[in-house]
Novice: 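Structure in structure tokens, see below.
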Amino acid sequence: MQTVVERELELKLVLSPERSIPVAARLMYRTEDPYAVHVTFHIGSDFPVHWTFARDLLVEGVFRPCGHGDVRIWPAETERRNVLCVALRSPDGDALLEVSSAAVAAWVERTLRLVPPGTETERLGIDAALAELLAPLPADDLWLCDPWLSDPWPSGESTDGEV
């Protein structure tokens with residue numbers, strides 16, 4: 001059974017130290033994809049922007065700076081409130097976002113209660129998928145039998161006319 005944990009949030013897109021604009025976003029976690037966090041940013045265009053990254057990255061980012069490359073997360077304090085800074089990098093550009101750390105931490109806690117760390121693999125069903133993939137099919141019987149047992153040629157004769 002798949003379970004989804006969602007949360008609508010308002011983030012701030014930091015344009016400069018003095019200026020930021022609000023951005024609506026939806027955090028989503030699906031038990032069928034237990035290692036990933038999905039974030040959809042509604043930026044006022046016809047198409048929302050989707051990002052997917054490791055749940056562990058967000059869990060660690062609540063407490064200390066982490067990540068490298070396209071996604072980096074770190075806790076900070078701005079205007080006497082605790083926030084998470086999220087830096088995103090893509091070929092289309094870079095973005096620095098701020099979001100309430102309490103809101104994200106509460107959402108992350110819900111995902112951790114649903115799928116505790118270390119139990120993600122159980123949700124993937126890899127063993128069942130491998131068993132199904134490796135299970136013999138009726139046509140496999142043709143390959144499992146010895147083809148030489150039904151060889152119609154007496155010993156010493158060849159099929160190409162040479163002896």
Side-chain angles (χ1 to χ4, degrees), residues 1-140:
M1 179 172 109
Q2 175 184 317
T3 303
V4 176
V5 179
E6 291 183 315
R7 170 101 193 228
E8 296 284 335
L9 292 171
E10 184 174 286
L11 293 84
K12 290 183 180 179
L13 175 62
V14 179
L15 303 174
S16 72
E18 302 83 25
R19 187 165 179 245
S20 63
I21 58 173
V23 174
R26 172 181 287 143
L27 289 173
M28 184 170 57
Y29 178 78
R30 297 189 314 255
T31 56
E32 73 177 12
D33 190 8
Y35 289 105
V37 168
H38 306 274
V39 184
T40 303
F41 298 100
H42 302 282
I43 56 173
S45 67
D46 292 336
F47 303 101
V49 176
H50 303 281
W51 278 78
T52 301
F53 52 88
R55 176 177 73 162
D56 287 348
L57 186 65
L58 193 56
V59 170
E60 186 176 347
V62 169
F63 300 104
R64 66 186 146 272
C66 65
H68 61 279
D70 295 340
V71 180
R72 292 177 293 130
I73 302 172
W74 65 94
E77 188 176 316
T78 61
E79 300 168 5
R80 290 190 273 194
R81 42 172 247 170
N82 293 324
V83 297
L84 283 182
C85 295
V86 180
L88 303 174
R89 173 172 286 159
S90 79
D92 296 327
D94 299 341
L96 175 59
L97 301 149
E98 289 179 357
V99 61
S100 163
S101 60
V104 172
W107 180 82
V108 166
E109 180 62 31
R110 288 178 56 206
T111 73
L112 295 172
R113 280 195 309 267
L114 189 62
V115 179
T119 66
E120 295 93 347
T121 306
E122 299 166 14
R123 298 290 182 151
L124 295 176
I126 291 174
D127 291 337
L130 279 174
E132 182 181 338
L133 181 65
L134 299 174
L137 298 173
D140 291 340

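For this chain, numbers begin at 1 and follow the sequence in order.
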Novice: How close do Arg7 and Ala103 get, counting heavy atoms only, and between which atoms?
Specialist: NH1-O, 3.5 Å
Novice: Looking only at non-hydrogen atoms, find the nearest pair between Glu6 and Arg110 and report the distance.
Specialist: O-NH1, 3.8 Å
Novice: State, to 0.1 Å, how close Leu13 and Val23 come at their nearest heavy-atom pair, and which atoms those are.
Specialist: CB-CG2, 3.7 Å
Novice: Arg55 side chain to Tyr29 main-chain N or O, any donor-acceptor pair under 3.5 Å?
Specialist: no
Novice: Output the distance between atom CE (Met28) and atom CH2 (Trp107), rounded to the nearest 0.5 Å.
Specialist: 9.0 Å
Novice: Can you tell me how far CG of Leu97 sits from CG of Leu88, rounded to the nearest 0.5 angstrom?
Specialist: 5.5 Å
Novice: Name all residues meeting the salt bridge (charged side-chain N to carboxylate O under 4.0 Å, His left out) criterion together with Arg113; count only those two or more places apart in sequence or in a different chain, and write none if there are none.
Specialist: Glu109
Novice: First locate atom CD1 of Ile73, then atom CG of Leu57, and finally report the distance between them rounded to the nearest 0.5 Å.
Specialist: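 Output value for this atom pair is 4.0 Å.
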Novice: Indicate every side-chain donor-acceptor pair of residues 30-41 with a distance under 3.5 Å to a residue at least two apart or in another chain.
Specialist:
residue: Thr31; atom: OG1; partner: Thr3; partner atom: N; Å: 2.8
residue: Thr31; atom: OG1; partner: Thr3; partner atom: O; Å: 3.4
residue: Asp33; atom: OD2; partner: His38; partner atom: NE2; Å: 3.0
residue: Tyr35; atom: OH; partner: Thr121; partner atom: OG1; Å: 2.8
residue: His38; atom: ND1; partner: Thr52; partner atom: OG1; Å: 3.0
residue: Thr40; atom: OG1; partner: His50; partner atom: ND1; Å: 3.0

Novice: Look up atom NZ in Lys12 and atom CD1 in Ile21, then write down how far apart they are to the nearest 0.5 Å.
Specialist: 12.0 Å
Novice: Do any pairs count as a side chain to side chain donor-acceptor pair (under 3.5 Å) and have a residue in residues 67-89, sequence neighbours left out, and if so which ones?
Specialist: Arg89-Asp94
Novice: Between Pro75 and Pro65, what is the shortest heavy-atom contact and its length?
Specialist: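 Scanning both residues completely, I find the closest heavy atoms to be CD-N, 3.9 Å.
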Novice: Counting C-beta onward and ignoring hydrogens, is there a side-chain heavy-atom pair between Ser101 and Val62 closer than 4.5 Å?
Specialist: no
